There are 2 protein chains.
Amino acid sequence: MSRRDRIRAETTAEIKVIALRLMAAGGPGAISLRAIAREMGMTAGAIYSYYPTRDDLVTRLIGDLYTELVDTAEAARDAVPADDPGGRILAWAEAVRGWALANPEGFRLIYGDAVPGYQPPEDGPAREAEHRACTGLTGLVAAAWPGAERAAGSRDYGWSDFGEVLAEAAREAFPGLPPAAVALTLRVWGRMHGLVALEIYGHLRALVRDPGAVYRDEITDLIVSLGLTPPAGDDRRE
Amino acid sequence: MSRRDRIRAETTAEIKVIALRLMAAGGPGAISLRAIAREMGMTAGAIYSYYPTRDDLVTRLIGDLYTELVDTAEAARDAVPADDPGGRILAWAEAVRGWALANPEGFRLIYGDAVPGYQPPEDGPAREAEHRACTGLTGLVAAAWPGAERAAGSRDYGWSDFGEVLAEAAREAFPGLPPAAVALTLRVWGRMHGLVALEIYGHLRALVRDPGAVYRDEITDLIVSLGLTPPAGDDRRE
DNA sequence: ATGATTTCTGCACACCGTTCAAAGTTCATA
DNA sequence: TATGAACTTTGAACGGTGTGCAGAAATCAT
């Protein structure tokens, strides 16, 4: 690796770091090539040597952030013994919410309108992270299977109901798991996502004092509905 | 009402209509004063006679859209007899999702990043519509009470846990309803919101062929968890 | 040391929201 | 009906944005 390659890698990374800082400070809209270049003592045009366009930079950012989010969730899950599937679900959910609260702009970048006109690419690190998240959630549901079967509803799903990538991955990672479990996984995802999205976008701010308590109730109910026993948290508000 | 007032009202409305069309066509980011003025054969500066700033226009748009969404949901609910609370919940949920699919950019405007740097005001039509939505949902939960009590979790909530406006409204509209029911209402909201948000923002696109079926399963499960009987829909996929 | 490759500048273009003086228009009133 | 006030619109300006491109500058391989 030549000296120039090293410097190039450093510059590429520095751009991303500054972009992240700008985003954390002023929201996704504050990510401007000119502002980045200004902080680096460069001209805006110079950035085009590292990222072909602004959206590519945003794409990379989303990939990094999503990966970080999934890393956090996986780590939280793995901190709970595998023989406590309910605890693992709660850990995952709380990790996601915690990360979202700590990185609200990151959450918006991942799950909201990144930038006006931004179109997420079909693949790339972000999709890969989302795939990891999906697999992780499927694992949580699989750990509750077949006890959770009664929560899966009576509709009969087939593998053809799902995208090839997801179906393939689910069948390989969790042999014997029926398609209905994957549908349930998506519902679990939605359930973990809903309240956090509302909270991050400020829709709960004026309504409830401790959104975390409501979220915890929701996840606890989710765990119970999967036929698992939720961790014995104190039922009092924090 | 003078002639000038009439023309002014028409112009004010036309600006909003064009803004809506631009948004539907190119997303929230396509709402530009210059583009609006261009379509109206005016100059951008002229718009400032009608809206003090661009964000005010967006705020009005959000108010209109949110009101439309809540109107739709309420109408769908009222089309189901009151002695079928489960059916009313399903109707509300499906109406919300249907509206979101028909107006994805509107949904983004309401529940996502409207525009980079946009800060939603504390009050206004949007907050009022959100308040109506909240009340509507509380009504749906109230209709399931006290049967739904077991879904409310064991945490003990007090009225002080909620915003004054919400607490006041809930106590007045549904006397005797305990605070725990309001917490449950927020959870119901989150549950209705999660999958729709994921779908609108494209996170389910590559994963599942018929997100509507999964959503219906989720809402059905929600209805059951409230101790109600869901409408007897056919269990087959559409 | 030379030639190729990469990086960066500086300028240009087109777009954006916003402001403002001046011109144009409408309206109420004397 | 004439006049003055109120309102609307223009057009230019300012500062901001992403994006291209010619050419200068720096770096690297040979």
Side-chain angles (χ1 to χ4, degrees), chain A residues 1-16 18-19 21-23 25-62 105 109 113-121, chain B residues 1-16 18-19 21-23 25-62 105 109 113-121:
Chain A
M1 192 173 193
S2 73
R3 178 182 133 84
R4 188 148 71 177
D5 286 353
R6 187 163 38 82
I7 292 183
R8 180 182 173 82
E10 282 171 10
T11 308
T12 308
E14 190 187 352
I15 291 172
K16 223 161 50 182
I18 294 181
R21 198 171 57 231
L22 288 173
M23 184 203 64
I31 308 174
S32 94
L33 298 186
R34 293 186 128 98
I36 295 171
R38 221 175 290 133
E39 288 215 21
M40 297 181 68
M42 287 200 317
T43 322
I47 310 239
Y48 284 80
S49 297
Y50 301 93
Y51 298 94
T53 179
R54 199 188 84 125
D55 281 10
D56 287 83
L57 171 56
V58 171
T59 300
R60 296 290 295 268
L61 285 182
I62 294 178
E105 304 298 351
L109 216 52
D113 288 316
V115 169
Y118 175 79
Q119 291 292 348
Chain B
M1 193 173 191
S2 74
R3 179 182 130 83
R4 187 148 72 177
D5 285 353
R6 189 163 35 82
I7 292 183
R8 181 183 171 82
E10 282 172 9
T11 310
T12 308
E14 190 188 351
I15 290 172
K16 222 160 53 181
I18 294 181
R21 198 172 57 229
L22 287 173
M23 183 203 65
I31 307 174
S32 96
L33 298 187
R34 294 187 127 99
I36 295 170
R38 221 176 289 132
E39 287 215 20
M40 298 181 68
M42 287 200 317
T43 322
I47 309 228
Y48 284 80
S49 298
Y50 302 92
Y51 297 94
T53 180
R54 197 188 84 126
D55 281 10
D56 287 82
L57 171 57
V58 171
T59 300
R60 297 289 294 269
L61 285 183
I62 293 177
E105 303 298 351
L109 215 52
D113 288 317
V115 169
Y118 176 80
Q119 289 292 347

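In what follows, chains carry the letters A, B, and so on, assigned in the order in which the sequence lines appear, proteins first and then strands, with residues in each chain numbered from 1. Here the structure is a predicted model, which means the values were calculated and not measured. Heavy atoms only: backbone and side chains are in, while hydrogens, waters and symmetry mates are out.
Within the structure, no pair that satisfies the side chain to side chain donor-acceptor pair (under 3.5 Å) test touches residues 42-52 of chain B, not counting sequence neighbours. Residue pairs meeting the salt bridge (Lys or Arg N to Asp or Glu O under 4.0 Å) criterion with at least one partner in residues 37-50 of chain B, sequence neighbours excluded, are B:R21-B:E39.
With rounding to the nearest 0.5 angstrom, the CG atom of B:D55 is 9.0 Å from the CD1 atom of B:I62.
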**Item:** Per-nucleotide protein contact string for nucleotides 12-30 of chain D (B base, S sugar-phosphate only, - none; heavy atom under 4.0 Å)
**Value:** -B---BBB-------BS--
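Close approach of DNA chain C to chain A, defined as any atom under 4.0 Å from a non-hydrogen atom of the protein, starts and stops at C:dT5 to C:dA12.
With sequence neighbours left out, the side-chain hydrogen bond (donor to acceptor under 3.5 Å, both in side chains) criterion links B:T59 to B:Y118. For B:A46, the side-chain contact (heavy atoms from CB on, under 4.5 Å) partners two or more places apart in sequence, or in a different chain, are B:M42. Looking at residues two or more places apart in sequence or on another chain, you find no side-chain hydrogen bond (donor to acceptor under 3.5 Å, both in side chains) involving A:T11.
You'll find the side chain of A:I15 stays beyond 4.5 Å of the side chain of A:L33, heavy atoms only.
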**Item:** Audit row: B:E14, B:E10, side chain to side chain contact (heavy atoms under 4.5 Å, CB included) steps and yes/no
**Value:** CA-CA 6 Å; B:E14 190 188 351; B:E10 282 172 9; over 6 Å; no
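Across all strands, A:Y51 comes closer than 4.0 Å to no nucleic acid atom at all (heavy-atom distances).
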